[in-house]
Asks: 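Have a look at this one.
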Amino acid sequence: MNFYVVFFAYLFALVVNVCSYIIPRETLVSDGCARIHNEFIAKQKTSFCYADVKDCYEGFPFNKDTIDTLTGLVGGFYSFLDKAKEPPQTGFDSKPMDLVAELELHAHTIFSSNCFTTFIFYTNVTFYSVVDNGEQKIKIFNDTIDRSNIDCEVTHIDGQPALQVISEYAKNLVYASRDLGVRFNIALDLTYLSASFAVRFEIPQKPYITYTLKCDNTNEFDIKRDWNAFSNRAFLNKFNDSKSYFDNICNSIEGSKPSISLSSKLREITNEFDKTDGILASDLSVTKIRTVDKFVGFFKVQDFGVVKIFTEAPLTISVAIITDVIHGFNDLANTGVKKIVLDLSDNVGGYLVVSVFFNLLLFPSTYPTFDFDLRITEQLRLAITEQYKLGIKNNIFDMKEYINEKSHANFTSVEDIFGNNVYTRGGVKGNYSNRYILSDSELNVISQFIQNLTTPLPWKPEDYIILTNGLCGSACANIAEHAAEFNNVTTVAVGGIVSNSLLSYSSFPGGFVYNSTQIFDSLSQLGLLNNTIMPKPFPLAGMEVTLPMNEIYSKTNPDEILEFGFRPADFRLFYDEKNIRNISILWSQAAALIGSIK
Ligand SMILES: *[C@@H]1O[C@H](CO)[C@@H](O)[C@H](O)[C@H]1NC(C)=O
Ligand SMILES: *[C@@H]1O[C@H](CO)[C@@H](O)[C@H](O)[C@H]1NC(C)=O
Ligand SMILES: *[C@@H]1O[C@H](CO)[C@@H](O)[C@H](O)[C@H]1NC(C)=O
Ligand SMILES: *[C@@H]1O[C@H](CO)[C@@H](O)[C@H](O)[C@H]1NC(C)=O
Ligand SMILES: *[C@@H]1O[C@H](CO)[C@@H](O)[C@H](O)[C@H]1NC(C)=O
Ligand SMILES: *[C@@H]1O[C@H](CO)[C@@H](O)[C@H](O)[C@H]1NC(C)=O
Ligand SMILES: *[C@@H]1O[C@H](CO)[C@@H](O)[C@H](O)[C@H]1NC(C)=O
Ligand SMILES: *[C@@H]1O[C@H](CO)[C@@H](O)[C@H](O)[C@H]1NC(C)=O
Ligand SMILES: *[C@@H]1O[C@H](CO)[C@@H](O)[C@H](O)[C@H]1NC(C)=O
Ligand SMILES: *[C@@H]1O[C@H](CO)[C@@H](O)[C@H](O)[C@H]1NC(C)=O
């Protein structure tokens, strides 16, 4: 699953800016994309001034066809269209939303256009937040221009109180959770899986930002920092002016997946340490037991174990890798640790099968998934019906792998899948399918695989604690919420906003997520691409929307859709000057809570 930010609402119609310190005004080329190319060629630069990028981007407005396609996809295939119109549960801070009306995409629905994902914006400063005698503060994590600013307090940003500015940013520009505290964590997140305040994927509103700092007990002073726009050579080689930018980036599938190539660029830019291999390598308090690719790490700290899941979307899922993960658990068990911190922070999701695997391995006596259903629109009804008839392989509308949740029987017809369930959501009556789950035979294969390699792990549910910063979405949420709901595993969330006493330990459980390329490919296989009720493909090749197509329900509270359920952690920790830089301290704080009364 690709997880990148909504690139949507930033079409400013402002005057052309002059980036005079790079190119003398008299030689100024009016095409921003061409100016970037000139800088790249003449000076081999990969970072550019704000004004040039802004001019380059402004040449490519969205048109009505784009909006029509978005509306068609969201109306036809987005599972939460009506549910999202309801006011949020207490504990959340998000707006009820009519997507088709607003086309302002939320959480699991992500729209990106290659046109606007070529550059990342950064002012060479990163941040963190601490709570000091009950007062929450923003501090400098790193400043690559002036290292003496590290750990100074940021009192104001552009003249406004810093905490308020970051909170507003989290509220309005971070989309990945309905919990404002989690969005606040994401705004300050140092892994840059999503937009943050310090590192933007969207073009900022103005060319610079002014931070007011207070270091130790000195007087406050201002630093003014320009937004620099970074890209990499692969992108910069694709264009020399706005026409070639349009042809080779906006309208090219090849230009796609920029967020993936940019994320390595991001690490380069921010010099962010690799939290396991980097800092832990030199940390004698942590024993590395085993790491499996960049997928799972097993550590021993003092007398407890840590299982750090880095992602639910490993680059490859093979028998060898899954075997290694099982061996990692066994090795950790062989150290004799009695308590386990399961660190699920900074996980933006991945494969359902990965969450099912962990759920079966950790908690073999409980059922490993929640229940699913579909919002049956006329588009989905037609697509599933055709697929049922034609039985095409690798089609996202295939329901053959699923069984009826109540009877555990195969569905015998499409009517048997669709059922006869009318629910009112967000004031709208809609048809919803019968509930379904993964087939028992699929689950048995995974169980068998695990049983062939290991006896049950020695730890009971009460020996674990789940630690997250709330950014544990999709397949990660399926691990965390399964552990908490089915096995009563204790949870602890770190960070957030101090004035909100509760913080979610997971976000956007969502549903099965598909991108528009998959939707159109599957419709095409079924001969439905030209059908008048179906959305038309995007006008440009480099556009894509990603959305969940089904709903996931709680088991203990069967009317609750997980995506909309507020699930606060049992315990709360805050970042401080030490644990923000030394994760073993945070792990120790979490481990100390294992066995405490909730
Ligand atoms: C701060 O940035 C510098 C330069 O990029 C880097 O060498 C250093 O390791 C960073 N410090 C921290 C604490 O991340
Ligand atoms: C720009 O690139 C195109 C091919 O992408 C090439 O045909 C054209 O000559 C280039 N123009 C300049 C000014 O380099
Ligand atoms: C800002 O950060 C970038 C990326 O790490 C670096 O190349 C550049 O030198 C930094 N700017 C200054 C003035 O240190
Ligand atoms: C991290 O904290 C632990 C526990 O206080 C300490 O033993 C260790 O040396 C610290 N690691 C680093 C790299 O500072
Ligand atoms: C259900 O369907 C699967 C194939 O999708 C098949 O292997 C299995 O035998 C079926 N079960 C029954 C009880 O018909
Ligand atoms: C539900 O499905 C029935 C049967 O196909 C259809 O007649 C009805 O219009 C649908 N209702 C809604 C609200 O979509
Ligand atoms: C588990 O072991 C049994 C008996 O050796 C074998 O038949 C089966 O294929 C194995 N299953 C998996 C999923 O590895
Ligand atoms: C969950 O754990 C709490 C104590 O931590 C206990 O009070 C409660 O009864 C447990 N619930 C279940 C369903 O086991
Ligand atoms: C859409 O999803 C498919 C299947 O996961 C993937 O191969 C493809 O790269 C995705 N498309 C884009 C543009 O990311
Ligand atoms: C669908 O439309 C495309 C373009 O409009 C056309 O080329 C194609 O022949 C049509 N296919 C069918 C099956 O009608």
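Worth saying up front: this structure is predicted, and the values here are computed from it rather than measured. Residue numbers count from 1 along this sequence.
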Asks: Taking the side chain as C-beta and beyond, is there a heavy-atom pair between Asn330 and Leu457 under 4.5 Å?
Replies: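 Contact flag for Asn330/Leu457 side chains = yes.
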Asks: Are Phe310 and Asp343 close enough that some pair of their side-chain heavy atoms sits under 4.5 Å apart?
Replies: no
Asks: Is the ring pair Phe197/Phe127 parallel, tilted or perpendicular, if the boundaries are 30 and 60 degrees?
Replies: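 Ring orientation, 0 to 90° scale: perpendicular.
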Asks: Knowing that exactly one of Asn185, Thr191, Asp346 qualifies, which makes a side-chain hydrogen bond (donor to acceptor under 3.5 Å, both in side chains) with Asn469?
Replies: Asp346
Asks: So, Asn228 versus Ser47: side-chain donor-acceptor pair below 3.5 Å or not?
Replies: no
Asks: Should we say atom NZ of Lys171 is surrounded by more than 12 heavy atoms from elsewhere, each under 6.0 Å from it?
Replies: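 Counting other residues, nucleotides and ligands, NZ of Lys171 stays at 12 neighbours or fewer.
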Asks: Can you see whether Tyr505 has Arg567 sitting over its ring - NZ or CZ less than 6.0 Å from the centre and within 45° of the normal?
Replies: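 No, a cation-pi geometry is absent between Arg567 and Tyr505.
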Asks: Checking the side chain of Asn347 only, and the main-chain atoms of Thr311 only, is there a donor and an acceptor separated by less than 3.5 Å?
Replies: yes
Asks: What's the spacing between Asn582 CG and Ser285 OG if we round to 0.5 Å?
Replies: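 That separation rounds to 6.0 Å.
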Asks: Working note: Leu547 + Ile519, criterion side-chain contact (heavy atoms from CB on, under 4.5 Å); need CA distance, chi angles, decisive distance, verdict.
Replies: CA-CA 10 Å; Leu547 44 80; Ile519 296 176; 4.0 Å; yes
Asks: Verify side-chain contact (heavy atoms from CB on, under 4.5 Å) between Tyr575 and Leu188, making sure each step is shown before the conclusion.
Replies: CA-CA 11 Å; Tyr575 292 110; Leu188 295 176; over 6 Å; no
Asks: Nearest 0.5 Å, what's the CD-CG distance between Gln518 and Asn395?
Replies: 10.5 Å
Asks: Is Ser129 reaching over with its side chain to a backbone N or O of Lys137, donor-acceptor style, under 3.5 angstrom?
Replies: yes
Asks: Any chance you could measure Thr517, atom OG1, to Phe538, atom CZ, to the nearest 0.5 Å?
Replies: 8.5 Å
Asks: Would a 4.5 Å heavy-atom cut-off, applied to side chains only, mark Pro368 and Phe486 as touching?
Replies: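 A side-chain contact under 4.5 Å is absent here.
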Asks: Sub-3.5 Å donor-acceptor pair from the side chain of Asp576 to the main-chain atoms of Lys578, do we have one?
Replies: yes
Asks: Treating Thr491 as the side-chain partner and Asp570 as the backbone partner, does any N or O pair qualify as donor plus acceptor under 3.5 Å?
Replies: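 Flag set: sc Thr491 to bb Asp570 pair under 3.5 Å.
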Asks: Consider only side-chain N and O atoms of Asn142 and Thr126, and report whether a donor and an acceptor are under 3.5 Å apart.
Replies: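 Asn142 vs Thr126: no donor-acceptor pair found between side chains.
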Asks: Are any side-chain N or O atoms of Trp459 and backbone N or O atoms of Ala333, one a donor and one an acceptor, separated by less than 3.5 Å?
Replies: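 The answer is no, because no donor-acceptor pair under 3.5 Å joins these two groups.
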Asks: If we ignore hydrogens and angles and just use 3.5 Å, is the side chain of Asp179 paired with the main-chain N or O of Ser504 as donor and acceptor?
Replies: yes
Asks: Going by the angle between their ring planes, with limits at 30° and 60°, are Phe80 and Tyr78 parallel, tilted or perpendicular?
Replies: perpendicular
Asks: For a 4.5 angstrom cut-off between non-hydrogen side-chain atoms, does His327 reach Phe298?
Replies: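 Result no, sub-4.5 Å side-chain heavy-atom pair not found.
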Asks: Show the nearest heavy-atom pair for residues Ser584 and Asp283, with the distance to one decimal.
Replies: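 Minimum heavy-atom contact is OG-OD2, 3.7 Å.
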Asks: Checking ring pair (Phe, Tyr, Trp, His ring centres under 6.0 Å) against Tyr245, which of Phe116, Phe239, Phe235 comes through?
Replies: Phe239
Asks: Where is the tightest heavy-atom contact between Ile186 and Ser196, given as atom of each residue plus distance?
Replies: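 Minimum heavy-atom separation between Ile186 and Ser196: O-CB, 3.7 Å.
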Asks: Within a strict 4.5 Å, meaning less than it, do heavy atoms of the His482 and Ser355 side chains meet?
Replies: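 Counting from C-beta outward, His482 and Ser355 never come under 4.5 Å.
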Asks: Supply the atom-to-atom distance Thr46 OG1 to Ile36 CD1, rounded to the nearest 0.5 angstrom.
Replies: 12.0 Å
Asks: Looking only at side-chain N and O atoms, does Tyr128 offer a donor or acceptor that is under 3.5 Å from a partner on Asp151?
Replies: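 Asp151 vs Tyr128: donor-acceptor pair found between side chains.
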Asks: Hey, are the side chains of Leu438 and Leu352 touching, using non-hydrogen atoms and a 4.5 Å cut-off?
Replies: yes
Asks: Is the NZ or CZ atom of Arg581 positioned over Phe141's six-membered ring, under 6.0 angstrom from the centre and within 45° of the axis?
Replies: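 Satisfied, under 6.0 Å and within 45°.
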Asks: I need the minimum non-hydrogen distance between Ala198 and Val125, along with the two atoms involved.
Replies: CB-O, 3.3 Å
Asks: I'd like to know if the side chain of Lys308 reaches the main chain of Ser345, judged simply by a donor and an acceptor atom lying under 3.5 Å from each other, with no hydrogens or angles considered.
Replies: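 Yes, the answer is positive, given that a donor and an acceptor are paired below the 3.5 Å cut-off.
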Asks: Judged by atom type as modelled, is there a donor-acceptor pair below 3.5 Å linking the side chain of Lys338 to the main-chain atoms of Gly336?
Replies: yes
Asks: Grab the two heavy atoms, one from Gly328 and one from Arg290, that are nearest each other, plus how far apart they are.
Replies: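 So the two residues come closest at CA-CD, 3.6 Å.
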Asks: Take a 6.0 Å sphere around CG of Asn334 and say whether it holds more than 12 heavy atoms from other residues, nucleotides or ligands.
Replies: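 Above 12, so yes.
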Asks: Compare every heavy atom of Tyr351 with every heavy atom of Pro314, then report the nearest pair and how far apart it is.
Replies: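 Scanning both residues completely, I find the closest heavy atoms to be O-CE1, 3.9 Å.
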Asks: Go through the steps for Gln44 and Arg233 under the test side-chain contact (heavy atoms from CB on, under 4.5 Å), then give the verdict.
Replies: CA-CA 9 Å; Gln44 288 296 302; Arg233 288 171 193 283; 2.9 Å; yes
Asks: Rounded at 0.5 Å granularity, tell me how far OG in Ser94 sits from CZ in Arg183.
Replies: 6.5 Å
Asks: Would you call the rings of Phe512 and Tyr436 parallel, tilted or perpendicular if under 30° counts as parallel and over 60° as perpendicular?
Replies: perpendicular
Asks: Cut-off 3.5 Å, side chains only: do Thr123 and Tyr211 have a donor facing an acceptor?
Replies: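 Checked: Thr123/Tyr211 side chains pair up, N/O donor to acceptor below 3.5 Å.
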Asks: Can any side-chain N or O of Ser79 pair as donor or acceptor with the backbone N or O of Pro548 at less than 3.5 Å?
Replies: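 A pair under 3.5 Å: yes.
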Asks: Compare all side-chain heavy atoms of Asn478 with those of Thr369 and state whether any distance is below 4.5 angstrom.
Replies: no
Asks: May I ask you to decide if the ring planes of Tyr402 and Phe372 are parallel, tilted or perpendicular, using 30° and 60° as cut-offs?
Replies: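 Judged by the thresholds at 30° and 60°, the geometry between Tyr402 and Phe372 is perpendicular.
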Asks: If we count only N and O atoms by modelled type, under 3.5 Å, do the side chains of Ser474 and Glu312 hold a donor and an acceptor together?
Replies: no
Asks: Decide yes or no on side-chain contact (heavy atoms from CB on, under 4.5 Å) for Tyr367 and Leu443, but give the supporting numbers first.
Replies: CA-CA 10 Å; Tyr367 192 77; Leu443 295 181; 3.4 Å; yes
Asks: Using the ring of each side chain (for Trp, its six-membered ring), is Phe77 parallel, tilted or perpendicular to Phe397, with breaks at 30° and 60°?
Replies: tilted
Asks: Any side-chain heavy atom of Glu563 within less than 4.5 Å of one from Pro509?
Replies: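 Glu563 reaches Pro509 side chain to side chain.
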Asks: What distance separates Ser507 OG from Leu562 CG, expressed to the nearest 0.5 Å?
Replies: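 It is 12.5 Å, given to the nearest 0.5 Å.
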Asks: Run the numbers on Glu485 and Lys555 for salt bridge (charged side-chain N to carboxylate O under 4.0 Å, His left out), then give the verdict.
Replies: CA-CA 8 Å; Glu485 179 173 317; Lys555 278 269 193 199; over 6 Å; no
Asks: Identify the heavy atoms of Ala590 and Val492 that sit nearest to each other, and give their distance.
Replies: CB-CG1, 4.0 Å
Asks: Do Ser231 side-chain atoms and Thr118 backbone N/O form a donor-acceptor pair below 3.5 Å?
Replies: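 At least one qualifying donor-acceptor pair exists.
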Asks: Please state whether the rings of Tyr50 and Phe121 are parallel, tilted or perpendicular, taking 30° and 60° as the class boundaries.
Replies: perpendicular
